Asks: 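Have a look at this one.
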Amino acid sequence: MKKIVFGLCLYAAAMATQALELASKSSMLNVVSVKNNRVAELFSFDAVTGQLNTTTGKALINIDLASIDSGIDIRDKRIKKYLFDVDNQPLATFNATIDTDALAAIEVSSPQAMTVEGELMLGGKRQALRFNTLVSRLENGDIRVVTTSPAFIDIAALGLEQGIDKLRQLAGLNSITLAVPVTFSVLFQ
């Protein structure tokens, strides 16, 4: 009997928090790099996980840095080794708080503009980021959040300049920008 009561209590607690999981296969995170001041290249991360608590508005997104995909294997290997050092720091995280009143007011199929402010953490460094997004509530209760414009990651603020310089040298480039635009489309179920 104690096990049944304990199980019901756990279920009730889980339902009260209303945590939605990020659907990795239905979500995307993209960054753009510009080399030699004129060639832009798109990168994505294939392994992104997270949760959104609709009661507290707390959102957490984990980015598996080893899942970087530039479309070129050697470049991906170099980014993992020299920029992210994935053996020692395999994850980046983004924590944010979403306005729960605004979230609750979104009607099905009526997307609402919403600012999402949070903090990117990578390798012990932190950077505040602000995203302009469009948030939609789907008929099944899922929530989709899509950027309407990019936010910019400051590579220097995250202490990644040496890694960028190493990548620049290995590729024989004159420059790689230190301001990186990031966009996303994530689905919470």
Side-chain angles (χ1 to χ4, degrees), residues 17 19-25 27-35 37 40-53 55-100 114-133 145-147 149-171 173-188:
T17 59
L20 300 176
E21 294 292 319
L22 187 141
S24 295
K25 295 200 184 296
S27 299
M28 66 180 97
L29 172 64
N30 298 310
V31 295
V32 175
S33 173
V34 179
K35 62 185 184 183
N37 296 321
E41 298 172 320
L42 181 66
F43 299 77
S44 62
F45 290 89
D46 296 331
V48 180
T49 59
Q51 303 86 32
L52 170 62
N53 184 313
T55 303
T56 64
K58 300 288 184 196
L60 170 67
I61 296 177
N62 296 305
I63 302 114
D64 178 352
L65 297 173
S67 74
I68 186 86
D69 183 2
S70 69
I72 300 173
D73 276 347
I74 187 68
R75 181 168 49 199
D76 293 346
K77 288 177 184 172
R78 289 174 176 173
I79 290 170
K80 292 173 197 178
K81 181 176 181 178
Y82 299 113
L83 184 63
F84 294 141
D85 185 20
V86 296
D87 290 338
N88 295 308
Q89 53 191 27
L91 286 179
T93 60
F94 179 70
N95 288 292
T97 302
I98 296 174
D99 181 338
T100 56
M114 193 177 296
T115 300
V116 175
E117 295 183 19
E119 186 174 65
L120 176 66
M121 290 169 278
L122 174 64
K125 304 278 186 174
R126 300 170 185 267
Q127 182 188 354
L129 291 175
R130 179 183 178 134
F131 292 96
N132 295 318
T133 68
V145 183
V146 179
T147 52
S149 60
F152 292 88
I153 296 172
D154 180 352
I155 295 298
L158 294 174
L160 299 174
E161 299 134 305
Q162 281 187 315
I164 289 290
D165 194 47
K166 180 67 174 179
L167 294 174
R168 183 192 58 74
Q169 290 173 13
L170 289 170
L173 300 172
N174 294 324
S175 66
I176 300 175
T177 57
L178 297 180
V180 178
V182 59
T183 59
F184 62 82
S185 173
V186 292
L187 178 68
F188 292 98

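Remember, it's a predicted structure, so these values are computed and weren't measured experimentally. When reading the values below, keep in mind they use all heavy atoms of this one structure, side chains included, and skip hydrogens, waters and symmetry mates. Each residue takes its place number in the sequence, starting with 1.
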Asks: Provide the closest heavy-atom pair for Ala96 versus Val116 in the form atom of the first, atom of the second, distance.
Replies: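 Smallest interatomic distance, heavy atoms only, reads CB-CG1, 3.7 Å.
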Asks: Strictly distance-based, threshold 3.5 Å: is any side-chain N or O of Gln127 a donor or acceptor partner for the main-chain N or O of Ala156?
Replies: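 No; zero donor-acceptor contacts below 3.5 Å.
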Asks: May I ask you to test the Leu83-Ile164 pair for a side-chain heavy-atom distance under 4.5 Å?
Replies: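 In contact.
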Asks: Just verifying a value: how many Å separate Lys25 NZ and Leu187 CG, rounded to the nearest 0.5 Å?
Replies: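 One finds 13.5 Å between NZ of Lys25 and CG of Leu187.
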Asks: Return the minimal non-hydrogen interatomic distance between Val48 and Leu22, and the atom names on each side.
Replies: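 That closest heavy-atom pairing would be O-CD2, 3.2 Å.
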Asks: With sequence neighbours left out, what residues match Leu173 under side-chain contact (heavy atoms from CB on, under 4.5 Å)?
Replies: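 Partners of Leu173 under the side-chain contact (heavy atoms from CB on, under 4.5 Å) test: Lys35, Asn36, Arg168, Ala171, Ile176.
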Asks: Just verifying a value: how many Å separate Leu120 CG and Ile61 CD1, rounded to the nearest 0.5 Å?
Replies: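 Between Leu120 CG and Ile61 CD1, I get 10.5 Å after rounding to 0.5 Å.
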Asks: Pair Val145, Leu52 - check side chain to side chain contact (heavy atoms under 4.5 Å, CB included), show working.
Replies: CA-CA 11 Å; Val145 183; Leu52 170 62; 5.6 Å; no
Asks: Provide the closest heavy-atom pair for Thr97 versus Thr56 in the form atom of the first, atom of the second, distance.
Replies: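 In this case the closest contact between Thr97 and Thr56 is CG2-O, 4.2 Å.
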Asks: Rounded to the nearest 0.5 Å, how far apart are NZ of Lys166 and CG of Leu160?
Replies: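 The NZ atom of Lys166 sits 16.0 Å away from the CG atom of Leu160.
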Asks: Determine the minimum heavy-atom distance between Pro150 and Pro181, stating which atoms define it.
Replies: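 Minimum heavy-atom contact is CB-CB, 3.8 Å.
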Asks: For the pair Leu65 and Phe45, evaluate side chain to side chain contact (heavy atoms under 4.5 Å, CB included) and give the outcome as yes or no after the intermediate values.
Replies: CA-CA 7 Å; Leu65 297 173; Phe45 290 89; 4.1 Å; yes
Asks: So, Ser27 side chain and Val186 main chain: donor-acceptor pair closer than 3.5 Å or not?
Replies: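 Pair absent, no side-chain N/O of Ser27 close to backbone of Val186.
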Asks: In Å and rounded to the nearest 0.5 Å, what is the CG to CD distance from Asp85 to Gln162?
Replies: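 Separation between the atoms: 11.5 Å.
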Asks: Just verifying a value: how many Å separate Thr115 OG1 and Ile98 CD1, rounded to the nearest 0.5 Å?
Replies: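 Going from the OG1 atom of Thr115 to the CD1 atom of Ile98 covers 11.0 Å.
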Asks: Go through Val180 and Phe43 one step at a time and tell me if the side chain to side chain contact (heavy atoms under 4.5 Å, CB included) criterion holds.
Replies: CA-CA 11 Å; Val180 178; Phe43 299 77; over 6 Å; no
Asks: Sub-3.5 Å donor-acceptor pair from the side chain of Asp76 to the main-chain atoms of Ser70, do we have one?
Replies: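 Here the side-chain-to-backbone pair exists.
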Asks: Spell out, as yes or no, whether a donor-acceptor pair under 3.5 Å connects the side chain of Gln89 to the backbone of Phe84.
Replies: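 Yes; judged by distance alone, with no hydrogens or angles, the pair exists.
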Asks: Hey, which of Leu29, Leu122, Leu91 is the one that makes side chain to side chain contact (heavy atoms under 4.5 Å, CB included) with Ile63?
Replies: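 Going through Leu29, Leu122, Leu91 one by one, the side chain to side chain contact (heavy atoms under 4.5 Å, CB included) with Ile63 is satisfied by Leu29 alone.
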Asks: Where do Phe188 and Gly50 come nearest, in terms of heavy atoms and distance?
Replies: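 In this case the closest contact between Phe188 and Gly50 is CE2-C, 4.4 Å.
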Asks: Give, for atom CD1 of Ile79 and atom CD1 of Ile74, the distance between the pair rounded to the nearest 0.5 Å.
Replies: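 Between atom CD1 of Ile79 and atom CD1 of Ile74 there are 10.5 Å.
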Asks: Heavy atoms only: give me the nearest Phe94-Glu117 pair and the separation to one decimal.
Replies: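 Where Phe94 meets Glu117 most closely, the heavy atoms are CZ-C, 4.5 Å.
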Asks: Short question: side chain of Lys58, backbone of Asn53 - any donor-acceptor pair under 3.5 Å?
Replies: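 No.
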Asks: Any sub-3.5 Å donor-acceptor pair from Thr133's side-chain atoms to Met114's backbone N or O?
Replies: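 Confirmed, Thr133 side chain pairs with Met114 backbone.
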Asks: Give a yes or no on whether the backbone of Asn30 and the side-chain of Ser44 come within a donor-acceptor separation of less than 3.5 Å.
Replies: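 No, Ser44 side chain to Asn30 backbone: no donor-acceptor pair under 3.5 Å.
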Asks: Would you say that more than 12 heavy atoms from the other residues, nucleotides or ligands in this model lie under 6.0 Å from the CD of Gln169, or not?
Replies: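 Above 12, so yes.
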